[in-house]
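Below is one structure, written out as structure tokens, with a few remarks after it.
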Amino acid sequence: MSVQVSVIDSLGAIPAAEWDALVPTAGDRPVDPFTTHRFLRALESSGSVGRGTGWQPQHLLARDAEGQLVGAAPLYVKSHSQGEYIFDHAFADAWTRAGGRYYPKLQSAVPFTPATGRRFLGAEVARGPLMQALRDAAAQNGLSSAHVTFCTEAEAQAGVAAGFLHRVTQQYHWQDASFGDFEGFLASLSSRKRKTIRKERAVAQGFGGTIRALTGDGIRPAHWDAFWAFYQDTGSRKWGRPYLTREFFEAAHETMRDDVLLVLAERDGRAVAGALNFIGATTLYGRYWGCLEDHPCLHFELCYYQAIDWALAHGLNRVEAGAQGEHKLARGYLPEKVHSLHWFADERFGQAVADYLREEGAALRSEMRLLESFAPFRRGEAPARGARF
């Protein structure tokens with residue numbers, strides 16, 4: 001099949017139905033909501049990405065000889081490395097010290113979203129041309145590099161064949177093992193870990209209020225007002241300024257509230273803490289947390305235990321709790337591999353990065369084996385691992 005690749009600078013340039021026809025689905029939901037037209041368009045229309053943000057959309061479209069859209073890739077010109085969660089600051093520093101200019105670079109990613117998913121959407125026949133177009137765009141425009149972050153393992157393997165370097169990092173994910181309910185999950189843990197989690201839940205739930213899990217039409221504009229305050233507090237402390245604008249949450253309410261699970265802790269008639277999750281076909285994705293009052297263990301309850309509870313009750317078999325955090329291990333979230341691809345215009349620099357990635361990969365494998373030895377599960381009770389894509 002002959003495939004031609006073009007570029008658009010906004011999701012507004014393509015009908016939602018045409019783009020979403022490429023997004024992987026399972027049942028009546030996308031595998032994950034992050035590459036849907038509604039999510040990426042909400043980032044653009046809200047000003048969370050675009051002019052002045054360091055995330056300039058340059059999405060790739062692949063069409064066959066009849067003009068039918070057969071593939072696409074979300075793509076951004078980046079002027080920094082913020083909001084990516086696959087950290088390449090060492091690459092940027094080394095490139096600069098060698099006298100080069102690392103930024104701008106190209107990145108196929110979902111902004112501010114460390115969740116694994118397809119980055120090359122649509123038919124497999126389009127994947128090769130899209131990968132080649134990504135490399136060509138970087139080379140022809142004199143850019144230092146091209147990157148694909150939080151791609152699937154299958155895409156990573158295809159990327160290696162296409163001349164990209166493969167990097168493996170890790171996150172912590174919770175996986176169902178036919179637990180049935182939260183008590184079934186607890187029964188799979190060692191006695192000491194089980195007692196600790198029960199104590200943490202009791203302490204958290206004794207904060208003096210109620211905890212509610214809201215989705216769909218149960219989420220009202222006032223709930224977003226409350227969560228915006230939480231998000232601003234967390235964002236200003238972690239990143240200097242929040243990545244998402246207030247308008248993003250308004251757009252999410254209009255077009256994505258069925259994709260959202262909002263867990264709120266309320267006391268004396270107002271929300272004092274909350275956690276925002278997105279709902280996939282088989283996975284619940286924890287994204288943001290914040291609070292206006294500090295209460296012991298409430299973070300663990302809203303972000304981790306409520307997520308497990310809800311996933312089990314709604315037939316989801318996985319919870320991804322975002323980037324980093326060894327403290328998740330004691331709460332049943334185990335280390336999982338995360339994949340990314342990297343291409344550098346300078347072959348010598350690319351070889352130096354390849355050497356670094358081999359050493360980093362060996363160290364990561366050792367670290368993951370060590371971390372798994374501290375898993376809270378009883379012998380033989382840990383969930384089976386495996387790729388989802």
Q: Would you sort out whether Arg127 and Glu155 count as a salt bridge (charged side-chain N to carboxylate O under 4.0 Å, His left out), showing the intermediate values?
A: CA-CA 8 Å; Arg127 186 167 60 190; Glu155 289 175 325; 5.6 Å; no

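- With sequence neighbours excluded, the residues that form a side-chain hydrogen bond (donor to acceptor under 3.5 Å, both in side chains) with Glu301 are Arg201, Gln205, Gln306.
- Residues meeting the salt bridge (charged side-chain N to carboxylate O under 4.0 Å, His left out) test with Arg63, sequence neighbours left out: Glu18.
- Looking at His173 and Gln175, their side chains never bring a donor and an acceptor atom within 3.5 Å of each other.
- The CZ atom of Arg167 sits 9.5 Å away from atom CG of Leu364, with the distance rounded to the nearest 0.5 Å.
- Using a 4.0 Å cut-off between charged side-chain N and carboxylate O, Arg212 and Glu266 make a salt bridge.
- Under the ring pair (Phe, Tyr, Trp, His ring centres under 6.0 Å) criterion, Phe150 pairs with no residue at all, not counting sequence neighbours.
- Interatomic distance, Thr149 OG1 to His339 NE2, rounded to the nearest 0.5 Å: 13.0 Å.
- Of the possible polar contacts, one joining the Thr215 side chain to the Val260 backbone as a donor-acceptor pair under 3.5 Å is found.
- Between the CG atom of Leu262 and the CZ atom of Phe230 there is a distance of 8.5 Å, given to the nearest 0.5 Å.
- Between Arg369 and Glu372, none of the side-chain N atoms (NZ, or NE/NH1/NH2) sits under 4.0 Å from a carboxylate O, so this pair counts as no salt bridge.
- Following chains of ILVMFWY side-chain contacts shorter than 4.5 Å, one cannot reach Tyr305 starting from Val203, and the two form parts of different hydrophobic clusters.
- Residues in residues 68-79 take part in these side-chain hydrogen bond (donor to acceptor under 3.5 Å, both in side chains) pairs, two or more places apart or across chains: Lys78-Glu84.
- Nearest heavy atoms, Trp19 versus Thr35: NE1-O, 2.8 Å.
- A donor atom on one side chain and an acceptor atom on the other are found under 3.5 Å apart for Glu44 and Ser10.
- Phe179 is linked by a ring pair (Phe, Tyr, Trp, His ring centres under 6.0 Å) to Trp174, Phe185, counting only residues two or more places apart in sequence or in another chain.
- The distance from the CG atom of Leu264 to the CD1 atom of Ile219 is 8.5 Å, given to the nearest 0.5 Å.
- For CD of Gln4, the number of neighbouring non-hydrogen atoms (other residues, nucleotides, ligands) closer than 6.0 Å is 12 at most.
- When all heavy atoms of Arg29 and Gly280 are compared, the closest pair comes out as CD-O, 3.6 Å.
- Through direct or relayed side-chain contacts under 4.5 Å between Ile, Leu, Val, Met, Phe, Trp and Tyr, Val160 connects to no other residue.
- No single ILVMFWY cluster, assembled from side-chain heavy atoms under 4.5 Å apart, contains both Phe87 and Val148.
- Between Trp310 and His314, the ring-plane angle classifies as parallel under the 30° and 60° cut-offs.
- Across all their heavy atoms, Arg119 and Ser108 have their closest contact at CB-OG, 3.9 Å.
- Taking the six-membered ring for Trp, Trp55 and Tyr243 have ring centres at least 6.0 Å apart.
- His166 places no side-chain N or O within 3.5 Å of a backbone atom of Gln157 that could act as its donor or acceptor partner.
- Distance alone, capped at 3.5 Å, is enough to place a donor-acceptor pair between the Asp64 side chain and the Glu66 backbone.
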Q: Could you give me the CA-CA distance, side-chain angles and deciding distance for Arg318 and Thr282, then say whether side-chain contact (heavy atoms from CB on, under 4.5 Å) is met?
A: CA-CA 6 Å; Arg318 193 177 189 90; Thr282 62; 5.6 Å; no

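- For Arg194, the side-chain hydrogen bond (donor to acceptor under 3.5 Å, both in side chains) criterion is met by no residue, not counting sequence neighbours.
- No side-chain heavy atom of Ile308 sits under 4.5 Å from any side-chain heavy atom of Arg331.
- The line from CG of Leu261 to CZ of Arg287 is 14.0 Å long, rounded to the nearest 0.5 Å.
- Enclosure of atom CG in Asp355 by more than 12 non-hydrogen atoms of other residues, nucleotides or ligands within 6.0 angstrom is indicated.
- In this model, no donor atom of one side chain and acceptor atom of the other lie less than 3.5 Å apart for Gln171 and Tyr85.
- Atom CZ of Arg101 has 12 or fewer heavy atoms from other residues, nucleotides or ligands within 6.0 Å.
- Within the 4.5 Å cutoff, side-chain heavy atoms of Phe164 are placed close to those of Leu134.
- Membership of the apolar cluster around Val353 extends to Phe91, Trp95, Tyr102, Tyr103, Leu165, Phe344, Phe349, Tyr356, Leu357, as traced through chained side-chain contacts below 4.5 Å between ILVMFWY residues.
- Using a distance-only test at 3.5 Å, with no hydrogens or angles considered, a donor-acceptor pair links the side chain of Thr113 to the main chain of Pro111.
- Scanning both residues, Leu292 and Ala271, for their nearest heavy atoms gives CD1-O, 4.4 Å.
- With Asn277 contributing its side chain and Leu284 its backbone, the two residues share no donor-acceptor pair below 3.5 Å.
- Between His327 and the choices Tyr172, Tyr304, Tyr333, the side chain to side chain donor-acceptor pair (under 3.5 Å) rule is met once, by Tyr304.
- The pair Arg118-Asp32 fails the salt-bridge criterion, with no side-chain N (NZ, NE, NH1 or NH2) lying under 4.0 Å from an Asp/Glu carboxylate O.
- Under the 4.0 Å criterion applied to side-chain N and carboxylate O atoms, Lys105 and Asp88 are assigned as salt-bridge partners.
- A side-chain donor-acceptor contact under 3.5 Å links Thr245 to the backbone of Ser46.
- Among pairs with a residue in residues 113-134, none fulfils ring-ring contact (aromatic ring centres under 6.0 Å, His included), at least two apart in sequence or across chains.
- A 4.5 Å side-chain heavy-atom check between Val7 and Leu60 finds at least one atom pair inside the cut-off.
- Here the closest heavy-atom approach between residue Ala156 and residue Leu341 is recorded as O-CD2, 3.5 Å.
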Q. Yes or no on side-chain contact (heavy atoms from CB on, under 4.5 Å) for Thr116 and Glu336, after CA distance, side-chain angles and deciding distance?
A. CA-CA 11 Å; Thr116 292; Glu336 293 279 359; over 6 Å; no

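- Aromatic pair Phe39/Phe34: centroids less than 6.0 angstrom apart.
- Here the side chains of Leu334 and Pro383 are in contact, with some heavy-atom distance below 4.5 Å.
- Residues forming a side-chain hydrogen bond (donor to acceptor under 3.5 Å, both in side chains) with Arg267 (at least two apart in sequence, or on another chain): Glu293.
- Sorted by first and then second residue, the side-chain hydrogen bond (donor to acceptor under 3.5 Å, both in side chains) pairs with a member in residues 179-188 read Glu183-Arg198; sequence neighbours excluded.
- Annotation: the span from Thr36 atom OG1 to Leu22 atom CG amounts to 12.5 Å, rounded to 0.5 Å.
- For Arg97, the side-chain hydrogen bond (donor to acceptor under 3.5 Å, both in side chains) partners are Asp93, not counting sequence neighbours.
- Among all heavy-atom pairs drawn from Ala62 and Ala126, the shortest one is CB-CB, 4.0 Å.
- Between Asp20 and Arg38, the closest side-chain pair of non-hydrogen atoms falls below 4.5 Å.
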